[in-house]
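Beneath this line is the structure, given in structure tokens, with notes to follow.
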2 protein chains.
Amino acid sequence: MDVARSELFETGTPVACASCQARHGVVCGALSNGQLRELNRHSLRRKVEAGCEIIAQGSESSFYSNIMRGVVKLCKMMQDGRQQIVGLQFAPDFVGRPFVRESTLSAEAATDAEICVFPRNLIDRMISETPELQRRLHDQALKELDAAREWMLTLGRRTAGEKVASLLYLIATHAEPQTATSTAFDLPLSRAEIADFLGMTIETVSRQMTRLRKSGVIRIENFRHIIVPDMDELERMISA
Amino acid sequence: MDVARSELFETGTPVACASCQARHGVVCGALSNGQLRELNRHSLRRKVEAGCEIIAQGSESSFYSNIMRGVVKLCKMMQDGRQQIVGLQFAPDFVGRPFVRESTLSAEAATDAEICVFPRNLIDRMISETPELQRRLHDQALKELDAAREWMLTLGRRTAGEKVASLLYLIATHAEPQTATSTAFDLPLSRAEIADFLGMTIETVSRQMTRLRKSGVIRIENFRHIIVPDMDELERMISA
DNA sequence: CGGTGTATTGATTTCTTTCAACTAAAGTGG
DNA sequence: CCACTTTAGTTGAAAGAAATCAATACACCG
């Protein structure tokens with residue numbers, strides 16, 4: 001069937017969605033073609049630069065997003081400026097907090113990214129009408145909860161060295177290009193952001209990176225590019 | 001209508017549930033009388049002593065629970081024995097991890113407690129049949145996620161003194177008996193457990209408690225009983 | 001080619017942990 | 001009922017890890 005025609009007659013999958021990598025993600029994968037078409041009519045694809053704030057802490061946000069490309073960090077900030085990154089989200093994760101309008105955290109693009117923005121009202125309606133969507137969002141929330149608790153263990157009980165190794169491991173296992181054992185990736189975070197994620201200072205992060213480099217566990221090219229010759233070796237540095 | 005008769009004819013609310021404080025909680029509040037009766041037939045009320053493990057880390061659990069009374073701690077343990085408490089749950093919270101059988105954490109009664117145990121299969125079926133139940137559990141998961149992230153900020157960025165104040169504040173706001181401004185409560189956690197929650201040692205916890213006591217923010221009776229003359233004062237120690 | 005932002009490295013200080021002694025309450029058994 | 005042991009908590013002194021302060025190196029950019 002002709003795609004343009006199917007679009008015209010409003011049957012089948014919208015063109016924009018057909019080749020979308022989030023088509024079968026948490027949100028869109030739960031929707032019927034009809035819902036997908038409706039959502040598509042009201043959604044907006046947007047490019048955001050690294051550092052751009054998607055949701056501000058304390059603000060009322062009237063939209064949700066799907067991450068299409070790039071990495072988004074979730075941050076909590078104290079009045080005196082101390083900051084803690086409380087989550088990292090990768091494509092094609094869903095970003096937003098159902099049931100509560102005011103955000104208790106900020107969402108900011110860590111890298112250049114692309115997001116697909118949905119009106120809050122529409123998604124809220126679809127959630128209430130579509131048990132499968134509710135189920136998938138519930139499942140994602142529980143996975144984020146697992147991740148948050150895993151990170152609590154890291155923050156509370158691991159040493160600086162173990163913390164850095166944990167973060168590198170986390171990013172390595174979420175980044176694409178990896179061969180059998182060796183893995184290479186670009187850090188989506190600056191040293192300052194790493195420090196904010198691990199609850200330490202940039203100096204300590206730097207020292208621990210140097211330690212890992214000198215002990216041969218990682219190689220660093222150009223500050224941001226990391227090569228892990230042996231992932232098992234890195235894993236051993238975490239002492240799970 | 002006669003209660004015994006309604007039970008006999010299997011209409012209306014089960015007797016055991018009628019006066020249950022969790023009747024309108026996350027799980028039971030979402031169920032029809034029919035579902036409530038079915039759940040009631042297969043559920044079991046159980047007393048658990050402080051220290052008793054309800055779910056073991058790494059095990060497959062075939063049940064969920066409602067906390068009826070007492071406090072339950074969620075812990076993650078490393079092989080070398082380091083431990084981190086990643087959540088506290090109070091009556092009438094729901095305990096369990098839908099969608100995944102193997103538990104990545106242990107649940108242990110922090111105080112003497114009473115729980116209502118539900119078969120996992122039955123609840124899973126009810127979740128899939130009852131959008132309202134799914135919604136409520138989704139909502140609870142998101143609230144736990146908010147709490148976990150709030151705690152990540154505490155673990156990563158607050159000082160020892162702020163950490164202890166944060167915990168006392170958390171417990172105070174979840175414990176019942178409070179007057180206008182002043183609040184008194186029994187700590188559901190030992191010093192060792194507080195340390196495991198805050199990612200520090202019992203000695204440091206003790207020192208910080210002493211500091212709060214000497215500065216007049218709290219009074220301590222019999223180690224476990226805490227009196228907070230002025231909650232605003234305690235809140236100021238957290239430097240949100 | 002200086003200038004700016006980011007990262008590394010070094011010296012010193014601070015905070016928390018570790019090690020150790022001590023106290024108080026609770027349980028045990030003669 | 002009273003020694004005695006056990007457990008939980010507090011306090012002190014010393015050691016250690018990470019933060020802070022300060023200087024320097026490195027890339028990127030106009």
Side-chain angles (χ1 to χ4, degrees), chain A residues 49-51 73 78 80-84 110-112 154-168 186-215 217-226 237 239, chain B residues 49-51 73 78 80-85 110-112 154-168 186-215 218-226 237 239:
Chain A
E49 287 190 344
K73 57 179 182 167
M78 292 168 67
D80 61 11
R82 281 178 284 176
Q83 199 172 13
Q84 176 70 42
T111 62
D112 289 344
T154 298
L155 287 174
R157 288 302 183 196
R158 289 202 233 261
T159 64
E162 292 169 341
K163 283 179 178 179
V164 170
S166 297
L167 180 64
L168 293 178
D186 281 308
L187 277 178
L189 304 178
S190 68
R191 298 293 186 271
E193 289 171 316
I194 293 173
D196 281 341
F197 200 3
L198 298 174
M200 24 195 253
T201 59
I202 55 173
E203 293 94 331
T204 306
V205 171
S206 184
R207 278 184 247 274
Q208 295 302 330
M209 296 275 283
T210 304
R211 229 188 83 248
L212 285 174
R213 178 170 56 71
K214 285 189 176 161
S215 68
V217 178
I218 59 171
R219 277 174 30 222
I220 305 177
E221 284 173 5
N222 230 311
F223 302 118
R224 288 289 189 119
H225 191 73
I226 306 290
M237 305 306 289
S239 95
Chain B
E49 288 190 344
K73 57 178 182 171
M78 293 169 65
D80 61 12
R82 280 179 284 178
Q83 199 172 13
Q84 175 70 41
I85 296 182
T111 62
D112 288 344
T154 298
L155 288 173
R157 288 301 183 197
R158 290 203 233 258
T159 64
E162 292 170 340
K163 283 179 178 178
V164 170
S166 297
L167 180 64
L168 293 178
D186 281 307
L187 277 178
L189 304 177
S190 68
R191 297 293 186 270
E193 289 171 317
I194 293 173
D196 280 341
F197 200 3
L198 299 174
M200 32 197 245
T201 59
I202 56 171
E203 293 94 332
T204 305
V205 170
S206 184
R207 277 184 248 273
Q208 295 301 330
M209 296 274 283
T210 304
R211 231 189 82 247
L212 285 174
R213 179 172 54 73
K214 286 189 175 162
S215 67
I218 60 172
R219 277 173 33 219
I220 305 178
E221 283 174 6
N222 231 309
F223 302 120
R224 287 287 190 120
H225 191 74
I226 306 290
M237 306 303 291
S239 93

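By convention in this document, chain letters (A, B, ...) are assigned in the order of the sequence lines, proteins followed by strands, and residues within each chain are numbered from 1.
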For nucleotides 13-30 of chain D, read 5' to 3', which letter fits each nucleotide if B means a protein heavy atom sits under 4.0 Å from the base, S means only the sugar-phosphate is that close, and - means neither?
B----SSBB------S--

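The neighbour count for B:R224 CZ, taken as heavy atoms of other residues, nucleotides or ligands under 6.0 Å away, is above 12.
Distance B:M209 CE to D:dG9 C1': 10 Å, rounded to the nearest Å.
A:E49 is linked by a salt bridge (charged side-chain N to carboxylate O under 4.0 Å, His left out) to nothing, counting only residues two or more places apart in sequence or in another chain. With sequence neighbours left out, the side-chain hydrogen bond (donor to acceptor under 3.5 Å, both in side chains) criterion links B:T111 to no other residue.
Judged by distance alone, with hydrogens and angles left aside, the side-chain atoms of B:S166 form a donor-acceptor pair with the main-chain N or O of B:E162 at under 3.5 Å. In this structure, B:Q84 contributes its side chain and B:F197 its backbone to a donor-acceptor pair below 3.5 Å. Under the 3.5 Å distance criterion, the side-chain polar atoms of A:R191 are matched with a main-chain donor or acceptor of A:F223.
Where DNA chain C meets chain A (any atom under 4.0 Å from a heavy atom), the bounding nucleotides read 5' to 3' are C:dA7 to C:dA11.
Between its opening and closing five pairs, the helix from C:dC1-D:dG30 to C:dG30-D:dC1 changes axis direction by 30°, a value rounded to 10 degrees.
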Step by step, would you call B:Q208 with B:L167 a side chain to side chain contact (heavy atoms under 4.5 Å, CB included)?
CA-CA 12 Å; B:Q208 295 301 330; B:L167 180 64; over 6 Å; no

Show, in sequence, the C-alpha distance, side-chain angles and deciding distance for A:L212 and A:L168, and conclude whether the side chain to side chain contact (heavy atoms under 4.5 Å, CB included) test is met.
CA-CA 11 Å; A:L212 285 174; A:L168 293 178; 3.8 Å; yes

Quick one, A:V164 with A:M200, criterion side chain to side chain contact (heavy atoms under 4.5 Å, CB included). Give me CA distance, side-chain angles, the key distance, then yes/no.
CA-CA 10 Å; A:V164 170; A:M200 24 195 253; 3.6 Å; yes

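Note on B:R213: every side-chain N or O is 4.0 Å or more away from OP1 and OP2 of D:dG9.
Among pairs with a residue in residues 196-210 of chain A, those fulfilling salt bridge (Lys or Arg N to Asp or Glu O under 4.0 Å) read A:D196-B:R157, at least two apart in sequence or across chains.
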